[in-house]
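Keep in mind it's a predicted model, so treat the numbers as computed, not measured. The chains referred to below are lettered A, B, ... by the order of the sequence lines, with proteins before strands, and numbering in each begins at 1.
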Amino acid sequence: MSDAETATVRVIADRDVCIGAGMCVYADDTVFDQDDDGLVVLLVEEPPDGEGVRRAVQTCPSGALRLAGR
Amino acid sequence: MSETTTAPTELPVYMLRDGFDPAPELGALRETERVGRARSPFGIDVWVLTRHDDVRAALADSARFSNAAPVRGVPGMPKMDEATIRRMRAGNPLLVDPPEHTRLRRFLTPEFTVRRMRRLEPRIHEIVDERLDAMQRSGPPADLIAEFALPVPSLVICELLGVPPEDRAGFEHRTGRLLNMSIPVDERMRLQAESRAYMSGLVAREQREPGEAMLGMLVREHGDDLSTDELIGIANILLIAGHETTSNMLGLGTLALLRHPDQLALLRDDPDAVGPAVEELLRWLSIVHTGVVRTTTTEVEIGGTRIPAGELVVFALPAANRDPGATTDPDRLDVTRGEVGHLAFGHGVHHCLGAPLARLEMRVAYPALLRRFPGLAEVPGTAAFRSFHVVYGLTELQVTW
Ligand code: HEM
Ligand code: SF4
């Protein structure tokens, strides 16, 4: 459905920047996880645009997360 | 109600409080000059950032606001040679910049993942329940700080690190004085050395026979990458930051709830209300006044104020967290707010390493306390606020139930 398509976002996670604070996992654990080193892992690269994803990007303390256009 | 306040008179504006609130002067500074000057308790002048946006941006900018430059020229500070200074600073992530910071922090990050914390949760419940049982056995009144707020995080960090719980009285006393700005700097330097000496004993034991807890793990897995001085420094900061902070959130947060009974009831009765309530208490109380002082590496301009290179800057976290530019009606405690983005744990690369642990402890401890003692009440006149300390909080709070 085109509606659902426009409502996804592409998340870009920079693991060199991530400090493993886990805020993103708290914000939305269907999209973000941490590996054994504590660094961010994306479970879904283009999740539905939702409050959790936006909150994760906004609160990530290290600036490791951003949303790409489209 | 008469409340004891034990503050020395000349605290800098960024440490001044009025009960739960930052002093009106601090809010006024934020709304007028925006960037202020103050004389730190060390006796040196610092710049003070107050607005949410300014503080957040500067915290995220470790290239221009450095943690690594040792603060010099502190009156009364004993002279130390470079080697001693280096040893005293080793292993503390708060005193280095990237890439050195990244290296240190990478050793510790795996220990504080959300998943690790979930595994620890049952044990935290047990520790909390044991303390509540003990309070119940000895009956009211009780000093909530000594019987609950301090022992819970202390016992948790002991267990996590592998520090003998019977050493608690010693390190709690030492930490309390170490972070107390009304104690002369040479005395505090001595306590700092004592604290490291204590830790070096524990680290030596782990090096002979690594245990199962975090210290043993660090020795086993990173014994070759970390010097002994670094191991001591890491263990030391984790022990200090791990109990003093959360304990003040538990104490001061409980008092805040007791004085807002409707909000207390929400947190007690609705499990979904607990997470957002903890965040709001963190924001509203902002118990860490500033974090560590930064040094500008270049000239910076903030809202029309030019700060030259090589100057000391502090971030007034309570001012930033009560900024009307970032939060609606910021002085009101509202546990249903559900807003994110407070700076109580800092921001940027030094964002609190222990935040997942502290959050978990609070999410377990507040509701457990309030459910065990539904009639919990403060004994009027016993709440003792302490503002001369690096971490704001209560020295005593007598409660009945
Ligand atoms: C509610 C409790 C806590 C609060 C409010 C708090 C607050 C803070 C703040 C504001 C910072 C940043 C300081 C700065 O940038 O100058 C920080 C850093 C830090 N905290 Fe916490 N903290 C808490 C609990 C803990 C716990 C439980 C631990 C350890 C288990 C801990 C360990 C650390 C460490 C190691 C750092 C330095 C991180 C770095 O430099 O990368 N904290 N904390
Ligand atoms: S919030 Fe940011 S720093 Fe923390 S784990 Fe997620 S990506 Fe990494």
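A:Gly20 and B:Thr109 make their closest contact through CA-CG2, 3.5 Å (heavy atoms, listed as atom of the first residue, atom of the second, distance). Between B:Arg106 and A:Leu39, the closest heavy-atom pair is NE-CD2, 3.8 Å. Closest non-hydrogen pair, B:Val349 versus A:Ile19, comes out as O-CD1, 3.6 Å.
For A:Asp36, the CG atom sits in a loose shell: 12 or fewer heavy atoms of surrounding residues, nucleotides or ligands are nearer than 6.0 Å. Under a cut-off of 6.0 angstrom, the local environment of CD in A:Glu45 is sparse, with at most 12 non-hydrogen atoms contributed by other residues, nucleotides or ligands. In the displayed structure, B:Arg103 atom CZ is contacted under 6.0 Å by more than 12 heavy atoms of other residues, nucleotides or ligands. Atom CZ of A:Arg54 sits in a sparse spot, with 12 or fewer heavy atoms from other residues, nucleotides or ligands closer than 6.0 Å. Atom CD of A:Glu51 has 12 or fewer heavy atoms from other residues, nucleotides or ligands within 6.0 Å.
Your options are B:Pro98, B:Gly346, B:Ser62, B:Gly348, and the one with the most heavy-atom pairs under 4.5 Å with chain A is B:Gly348. For the set B:Met117, B:His342, B:His351, the entry with the most heavy-atom pairs within less than 4.5 Å of chain A is B:His351. Note: B:Pro110 leads B:Pro110, B:Pro356, B:Ala60 in heavy-atom pairs under 4.5 Å with chain A.
Looking at A:Asp33, only its side chain comes within 4.5 Å of chain B, counting heavy atoms on both sides. If you measure heavy-atom distances from B:Arg56 to chain A, the contacts under 4.5 Å come from the side chain alone. At a 4.5 Å heavy-atom cutoff, the contact between A:Asp35 and chain B is made by backbone atoms alone.
Expressed to the nearest 0.5 Å, how far CZ of B:Arg105 lies from OG of A:Ser62 amounts to 9.0 Å. To the nearest 0.5 Å, atom CE of residue A:Met23 and atom CZ of residue B:Arg359 are 5.0 Å apart.
A cation-pi geometry, defined here as NZ or CZ lying under 6.0 Å from the six-membered ring centre and within 45° of its normal, does not hold between B:Arg115 and A:Phe32.
Between B:Arg116 and A:Gln34, every side-chain heavy-atom pair lies at or beyond the 4.5 Å cut-off.
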